[in-house]
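Taking it in order: structure first as structure tokens, then the write-up.
Indexing begins at 1, ligand by ligand and atom by atom, following the structure's order. Note that this is a predicted model, so its numbers are computed, not measured.
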Amino acid sequence: MQNILTRFAGSSIVELAQRHGTPFFLYDQQIIEQRVAELKQFDAIRYAQKACSNLAILALMRKLGVVVDAVSAGEIERALRAGYRPAGDPPGIVFTADLFDADAVEAIRTHRIPVNVGSPDMIAQLGKFFPGAQVTLRINPGFGHGHSRKTNTGGEWSKHGIWHEQLEECLKLGHEAGVNIHGLHMHIGSGTDFEHLSQVCDSMVRAARRMGPQLEVISAGGGLPIPYRKNQARIDLNAYFQLWDKARKEVEHIVGHPVRLEVEPGRYLVAESCALVVQIRSIKKTGNNSFYLVDAGFDTLVRPSMYGSYHEISICPADGREITSAHDVVVAGPLCESGDVFTQEEGGVVVTRKLPEAKVGDYLVLHDSGAYGAAMSSNYNTRRLATEILGSNGQAEVIRERQTYDHILQFERIPEKLR
Ligand code: LLP
């Protein structure tokens, strides 16, 4: 029997739903604080803001002493507006990408942002628009790992990072371009396991040996998994840190001076902090199957449709009644597309979930939706982006208002001759 979840972040879900409408993402500040505290052994926690880049979440990270990664000019803009400054040791903002687009060139030049480069071409380009830049090399160690093929970022079929054999070439390019290559970074994918991790650590040590004394910082990348299913174990963070710390010590021995060890999680810091609250608007039967149709789809949470990702689902009865019976249902959204189903596996196979017997008007909570939830939302089917709310000790504050149709349509134009 599914847990009946009625409060999250100390707030009543039904009250919030009645006040703000659905769907909404509700974040629990205390969970984020706890996750940050768990990673404090690292010299720097660099938040991969692509997971959830709401300004309030970034401001919270800054208050907690977490620095930030940006993968676009827009993410640089967000970091600056949340109060981050690029300077410092560790730098407040680092730009990571495999290419510079025109907006990124402008933002990096203007704000003098350190760069984690993922392609050799970026080195000479950076030398032209920001000579003297601080640079780390994102290395593709030749293998990768991820929770889905789409989140594996290593190996020769991955577009990410500098191929490990090109390290010396890049150091030479850096010298010629007049940029300061002082670090190495490896992120092989999201959903790492320990076997792969120790291979990454070995690769890092090998790369450090080839780089020598100019190496001052190494980054473990992100990819720390979270238990999306109730029976999954939590990652052993101490073992994770020990593996990297051992690699760091070997690197320090090789280069002959202290080396900063950074970690770059997105999911780990925010995924579990968030409940996506939706409302059941229709319950129907199709042959042997029952459907709960809810007022948000893959426009709001794309992970199940995109990767077959699993999110726990709980019910909040709108009238507070006790529900004792459960049955197998498919949970689906409002979009005009058959893949708009929250209960599906990789490859788009629709499956059922045992959920409490609900009525139209009840609320469902999709758990662990803080990472790559709101951040990957879209306006598909011209649906408005959902409200985001930050809860802390029972105080709930809106941190993104529900979009309006004016917001969605403001940049569209009907040419005169079509009017
Ligand atoms: N660093 C780099 C260079 C990355 O590319 C990523 C994620 C991270 C750090 C953070 O990874 P995390 O700790 O969050 O696993 N949309 C997918 C995940 C895509 C990850 C992209 N890069 C999902 O919903 O699972």
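At a threshold of 4.0 Å, the pair Glu250-Lys246 counts as salt-bridged, since one of the basic side-chain nitrogens sits closer than that to a carboxylate oxygen. A salt bridge links Asp89 with Arg260: the distance from a Lys NZ or Arg NE/NH1/NH2 to an Asp or Glu carboxylate oxygen falls below 4.0 Å. A salt bridge links Asp245 and Lys249; the closest N-O separation between the charged side-chain nitrogens and carboxylate oxygens is under 4.0 Å. The pair Glu312-Lys230 meets the salt-bridge criterion, with a side-chain N (NZ, NE, NH1 or NH2) lying under 4.0 Å from an Asp/Glu carboxylate O. Using a 4.0 Å cut-off between a side-chain N of Lys or Arg and a carboxylate O of Asp or Glu, Asp299 and Arg383 qualify as a salt bridge.
For Arg353 (side chain) and Thr343 (main-chain N/O), no donor-acceptor pair under 3.5 Å exists by modelled atom type. In terms of modelled atom types and a separation under 3.5 Å, the side chain of Asn381 and the main chain of Cys336 share a donor-acceptor contact. The backbone N or O of Val135 lies less than 3.5 Å from no partner atom in the side chain of Asn180, so there is not a single donor-acceptor pair.
Taking the ring centroids of Phe298 and Phe342, they lie at or beyond the 6.0 Å cut-off.
The heavy atom nearest to atom 18 (C) of ligand 1, out of those in Arg303, Arg267, Glu264, is found in Arg267. Distances from atom 8 (C) of ligand 1 to the heavy atoms of His185, Gln49, His187 put His187 nearest.
For ligand 1 and Ala48, the ligand atoms under 4.0 Å from any heavy atom of the residue are 8 (C), 9 (C), 10 (C). When each atom of ligand 1 is checked for a heavy atom of Arg138 under 4.0 Å away, the hits are 3 (C). Which parts of ligand 1 touch Gly223 is read off a 4.0 Å heavy-atom cut-off, strictly below it: atoms 11 (O), 12 (P), 13 (O), 15 (O). Shown in contact with Gly266 at under 4.0 Å from a heavy atom are these atoms of ligand 1, numbered in order with element: 10 (C), 12 (P), 13 (O), 14 (O). Within ligand 1, counting atoms from 1 as listed, the ones closer than 4.0 Å to a heavy atom of Gly222 are 9 (C), 13 (O). When each atom of ligand 1 is checked for a heavy atom of Met376 under 4.0 Å away, the hits are 16 (N).
Neither the backbone nor the side chain of Met306 has any atom closer than 4.0 Å to an atom of ligand 1 (non-hydrogen atoms only). Residue Tyr307 touches ligand 1 through its side chain alone, judged by heavy-atom distances below 4.0 Å. In Ala51, neither the side chain nor the backbone holds a heavy atom less than 4.0 Å from any atom of ligand 1. Proximity of His160 to ligand 1, defined as any heavy-atom pair under 4.0 Å, is not found for any part of the residue.
Note: an N/O pair closer than 3.5 Å links Lys50 and ligand 1 by distance alone. Ligand 1 has no nitrogen or oxygen under 3.5 angstrom from a nitrogen or oxygen of Gly221.
Contact between Pro265 and ligand 1 is present, with at least one heavy atom of the residue lying under 4.0 Å from the ligand.
Judged as a side chain to side chain donor-acceptor pair (under 3.5 Å), and not counting sequence neighbours, the contacts of Arg35 are Glu38, Glu272.
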